[in-house]
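Atoms within each ligand, like the ligands themselves, are counted from 1 in listed order. What you see is a predicted model, and the numbers here were worked out from it, not measured in a lab.
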Amino acid sequence: MKTRVTELLGIEKPIIQGGMAWVAESHLAAAVSEAGGFGIIGAANAPADVVRNYIREAKQMTDKPFGVNIMLMSPYADDIAKVVVEEGVAAVTTGAGNPEKYMEQWKAAGIKVIPVVASVALAKRMERCGADAVVAEGTESGGHIGQATTMTLVPQVVDAVKIPVIAAGGVGDGRGFAAAMMLGAEAVQMGTRFCVSNECTVHDKYKERILKAKDIDSEVTGRSHGHPVRGLRNKMTREYLKMESEGATFEELETLTLGGLRRAVVEGDTDNGSVLAGQIAGMINKRQSCKEIIDEVMDQAETLLKLK
Ligand code: TUI
């Protein structure tokens with residue numbers, strides 16, 4: 001299937017892997033790119049040299065293009081903005097902020113720039129600054145989220161900009177893919193489904209938690225301090241929400257979550273750690289390779305869209 005996004009990124013299938021913090025490292029990104037999609041290394045809060053190593057590792061594992069997601073709240077964002085230029089990555093996606101100040105240097109280096117947006121306003125602004133495409137990410141997503149749903153956000157962003165739109169949030173199979181195309185998207189970004197892939201290096205207990213999750217098992221913490229984050233309900237989210245409802249300060253809440261994602265991803269502590277995942281987790285119930293996932297999604301979508 002060819003779209004402006006497959007052309008832009010030089011990929012076969014219009015499926016992009018979300019730049020999940022702590023989860024999206026070199027093995028996952030390389031496997032998704034090898035399978036014909038677009039793999040992304042999630043820089044999250046990692047220092048620049050760690051990200052540089054991930055990029056070099058991924059280059060050893062695939063000759064296909066891949067990208068880096070820069071989480072703009074990271075204290076290392078400025079350094080990582082330079083690393084992607086030095087290492088010549090094909091594309092950068094950004095999250096949790098406005099990447100305007102970096103756009104000129106990335107464009108000058110020939111890097112495709114694809115900001116992740118949660119609003120029409122930011123999408124329009126990114127287009128004006130020279131973005132090549134945007135990911136319109138609905139509130140169904142895991143991790144740091146905006147307010148609008150994918151169903152409402154994607155068509156509004158499609159109407160507001162001329163650049164291609166990639167739909168994210170709640171897409172986990174060929175039906176979600178086909179629906180996104182109907183809304184005007186030219187690719188999808190999936191995170192949670194790739195998180196349980198064989199090539200994903202997260203702790204097995206993290207994968208098990210996603211595989212066992214039901215439709216309404218996710219919870220949003222952090223709304224009171226303006227950084228809402230979606231993850232699967234556990235001891236930590238219950239405690240967090242209780243403290244939040246009792247008016248706990250940002251600092252008090254931070255102590256509860258500090259290092260929480262590492263605790264879940266690396267140590268497999270899915271009770272006290274942050275098991276970030278999207279609402280689609282309820283539908284994700286099998287382990288597969290990235291190639292199997294991409295082939296299955298495309299096959300199902302092409303049948304539904306009557307392309308074959
Ligand atoms: O960034 C994401 N998802 C993420 S980042 C992340 S790391 C983290 N962990 C714990 C707490 C906070 C972050 C985990 N998941 N998705 C893209 C996204 N961007 N979602 C929402 C936004 C966003 C929100 C506000 C983008 C821009 C924005 O305002 C910018 C502006 O200046 O208007």
Side-chain angles (χ1 to χ4, degrees), residues 16-25 40-46 51 67-77 80 92-103 113-129 131 133-150 153-154 157 160 165-171 188-192 194-195 202 206 218-232 236-237 240 244 250-251 253-265 273-279 281:
I16 287 161
Q17 165 240 314
M20 299 165 282
W22 278 96
V23 173
E25 46 66 83
I40 293 184
I41 291 165
N45 274 318
V51 178
V68 171
N69 174 270
I70 304 183
M71 206 277 282
L72 295 167
M73 292 194 302
S74 162
Y76 305 107
I80 296 163
V92 164
T93 65
T94 60
N98 177 346
E100 230 166 288
K101 66 174 177 173
Y102 305 118
M103 300 262 279
V113 182
I114 310 180
V116 179
V117 303
S119 69
V120 166
L122 190 60
K124 285 167 84 166
R125 196 169 173 128
M126 294 298 95
E127 179 175 55
R128 276 202 302 278
C129 297
V134 287
V135 176
E137 189 183 276
T139 196
E140 296 91 324
S141 306
H144 179 50
I145 49 170
Q147 291 179 31
T149 58
T150 304
L153 181 67
V154 172
V157 172
V165 176
I166 299 159
V171 181
V188 299
Q189 178 182 280
M190 297 196 301
T192 308
F194 284 123
C195 191
V202 302
Y206 199 112
S218 81
E219 200 77 85
V220 179
T221 54
R223 286 202 195 276
S224 64
H225 56 78
H227 293 275
V229 171
R230 182 182 303 283
L232 296 179
M236 193 279 290
T237 62
Y240 193 109
E244 218 175 356
F250 175 69
E251 288 72 24
L253 293 166
E254 273 286 283
T255 59
L256 202 63
T257 53
L258 226 52
L261 189 53
R262 187 191 172 281
R263 206 150 48 231
V265 168
S274 299
V275 188
L276 303 188
Q279 288 185 325

Any non-hydrogen side-chain atom of I40 less than 4.5 Å from a side-chain atom of M20? no
Is E137 touching ligand 1 with its side chain, its backbone, both, or neither, if touching means heavy atoms under 4.0 Å apart? side chain
Quick one, V135 and I16 - any side-chain contact, counting heavy atoms below 4.5 Å? no
For atom 31 (C) of ligand 1, what's the nearest protein heavy-atom neighbour? Residue, atom name and distance, please. N98 CB, 4.2 Å
side-chain hydrogen bond (donor to acceptor under 3.5 Å, both in side chains) involving N45 - partner list, sequence neighbours excluded: none
Between V68 and V51, is any pair of side-chain heavy atoms under 4.5 Å apart? yes
the protein heavy atom lying closest to atom 10 (C) of ligand 1 turns out to be V229 CG2, 4.1 Å
Distance flag for atom 12 (C) of ligand 1, protein heavy atom under 4.0 Å: yes
Starting from atom 1 (O) of ligand 1, which protein heavy atom do you reach first, and at what distance in Å? A96 N, 3.3 Å
Tell me: protein heavy atom nearest atom 26 (C) of ligand 1, and distance? G97 N, 3.4 Å
For ligand 1, the portion of L122 having any non-hydrogen atom under 4.0 Å away: side chain
Got Y206 and L232 here, is their nearest side-chain heavy-atom distance under 4.5 Å? no
Does ligand 1 have an atom that lies less than 4.0 angstrom from a heavy atom of H227? no
Quick look: M73 vs ligand 1, heavy-atom contacts under 4.0 Å, and the answer is side chain
Give the numbers and elements of all ligand 1 atoms closer than 4.0 Å to a heavy atom of V116. 17 (C)
Should you measure from each heavy atom of G143, which atoms of ligand 1 turn up under 4.0 Å away? 14 (C), 15 (N)
For atom 8 (C) of ligand 1, what's the nearest protein heavy-atom neighbour? Residue, atom name and distance, please. M71 CE, 4.3 Å
Does a side-chain heavy-atom distance below 4.5 Å link E251 with T255? no
Can you tell me the protein heavy atom closest to atom 14 (C) of ligand 1 and the distance? H144 N, 3.5 Å
All pairs passing side chain to side chain donor-acceptor pair (under 3.5 Å) where residues 138-150 contributes a residue, at least two apart: E140-T150, T149-T152
Do the side chains of Q189 and V171 get nearer than 4.5 Å, heavy atoms only? no
Ion pair present between E244 and R223, side-chain N to carboxylate O less than 4.0 angstrom? no
